[in-house]
Amino acid sequence: MKIKEIIVVEGKDDTTAIKRAVDADTIETNGSSIGDAVIEQIKLAQQTRGVILFTDPDFPGEKIRKTIAELVPGCKHAFLPKNEARPKRGKGIGVEHASIDAIQQALESVKEEMTEFVSEIEFEDLLGAGLIGGNQAKDRRERLGILLKIGYTNGKQLHKRLQMFQISKAEFIHAVKKILQEETK
């Protein structure tokens with residue numbers, strides 16, 4: 001599988017994992033304090049070939065994703081579920097631990113960020129679905145992120161991410177119904 005866009009990852013091990021799974025070029029941020037030179041490189045990549053942000057499904061990875069998305073509008077996003085980013089043995093979480101299949105699936109399900117889109121999904125819909133402020137809210141948001149392929153978010157970020165990736169109300173309702181069905185099994 002050849003990827004036209006340049007994939008932004010956190011480090012060398014992520015690049016190695018990506019290149020095992022697909023034919024692609026990468027830019028490494030080398031941590032969460034992204035330098036101006038790296039941002040300029042990403043801006044150039046966005047102008048010439050497009051960019052896919054593919055960071056670890058953890059707090060630093062989300063911070064990197066948010067920083068780049070603010071400075072370089074219009075990036076695409078690939079998300080890896082946490083369970084796909086854990087090593088077989090040992091600790092840690094990251095793209096470098098993902099299987100070839102998991103990386104390929106994440107890249108096949110890339111989401112495009114849209115800046116001018118009015119969501120059909122209201123904040124009240126999130127409350128009604130038990131995605132905010134409840135015992136199961138965190139688990140439900142994590143499962144929703146997997147089903148919609150938008151990654152895990154906290155309660156505050158969820159509404160924004162649903163808007164950013166133009167998730168329709170029908171897609172949202174379908175995913176919530178599936179989560180509720182899974183919980184009753």
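All heavy atoms count here, side chains included; hydrogens, waters and symmetry mates do not. Just so we're clear, the structure is a prediction, and the values are computed from it rather than from any experiment.
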All heavy atoms of F172 vs all of I167, minimum pair found to be N-CG2, 4.1 Å

With a 4.5 Å limit on heavy-atom distance, are the side chains of Q104 and I100 in contact?
yes

Residue pair K43 / L71: nearest heavy atoms and the distance that separates them
CE-O, 3.4 Å

Between A45 and I6 the two heavy atoms that sit nearest each other are CB-CD1, 3.6 Å

Go through it in stages, so that I can follow the logic: the residues are Y152 and K138, the test is side-chain contact (heavy atoms from CB on, under 4.5 Å), and I'd like the CA-CA distance, side-chain angles, deciding distance and then a yes or no.
CA-CA 9 Å; Y152 172 77; K138 181 180 179 189; 3.4 Å; yes

Can we say K169 and E122 salt-bridge, meaning some charged N sits less than 4.0 Å from an Asp/Glu carboxylate O?
no

Spacing of CG belonging to D14 relative to CD belonging to E96, to within rounding of 0.5 Å:
5.0 Å

CD1/I150 to CE/M164 distance, rounded to the nearest 0.5 angstrom?
8.5 Å

Counting only heavy atoms from other residues, nucleotides and ligands, does the tally under 6.0 Å from CG of D23 exceed 12?
yes

So does K88 have more than 12 non-hydrogen atoms from other groups sitting under 6.0 Å from NZ?
no

Nearest-0.5 Å distance that lies between atom CZ in R86 and atom CD1 in I93:
4.0 Å

Determine yes or no for a side-chain-to-main-chain donor-acceptor pair under 3.5 angstrom, with K111 supplying the side chain and L148 the backbone.
yes

Quick one: closest heavy-atom pair of I121 and S168, and the distance?
CD1-O, 3.8 Å

After noting the C-alpha distance and the side-chain angles of K156 and I132, does the key distance pass the side-chain contact (heavy atoms from CB on, under 4.5 Å) rule?
CA-CA 8 Å; K156 276 182 153 178; I132 298 172; over 6 Å; no

Tell me, do I52 and C75 make a side-chain contact under 4.5 Å, heavy atoms counted?
no

Grouping I, L, V, M, F, W and Y whenever their side-chain heavy atoms are under 4.5 Å apart, do V95 and M1 come out in a common cluster?
yes

Under the side-chain contact (heavy atoms from CB on, under 4.5 Å) rule, what do I7 and L107 come out as? Steps first, then yes or no, please.
CA-CA 10 Å; I7 301 173; L107 290 169; 3.9 Å; yes

Salt bridge or not for E62 and R65, using N-O below 4.0 Å?
yes

Could you give the distance from OG1 (T67) to CD1 (I42), rounded to the nearest 0.5 Å?
10.0 Å

Would you check, one step at a time, whether the test side-chain contact (heavy atoms from CB on, under 4.5 Å) holds for F79 with R161?
CA-CA 12 Å; F79 295 96; R161 194 162 288 175; 3.3 Å; yes

For residues A85 and P57, report the shortest heavy-atom separation together with the two atoms involved.
CB-CG, 3.6 Å

Using a 3.5 Å cut-off and no angle test, enumerate the donor-acceptor pairs between side-chain atoms of residues 15-22 and protein atoms at least two apart in sequence or in another chain.
from, atom 1, to, atom 2, distance (Å)
T15, OG1, T26, OG1, 2.9
T15, OG1, E28, OE2, 2.6
T16, OG1, K12, O, 3.1
K19, NZ, A24, O, 2.9

Between E142 and K82, is there a salt bridge with N-O shorter than 4.0 Å?
no

Output for pair (I64 CD1, S33 OG), nearest 0.5 Å, gives 8.5 Å

Is there a path of hydrophobic side-chain contacts, each under 4.5 Å between heavy atoms, that joins L80 and L53?
no

State, to 0.1 Å, how close E84 and A102 come at their nearest heavy-atom pair, and which atoms those are.
OE1-CB, 3.3 Å

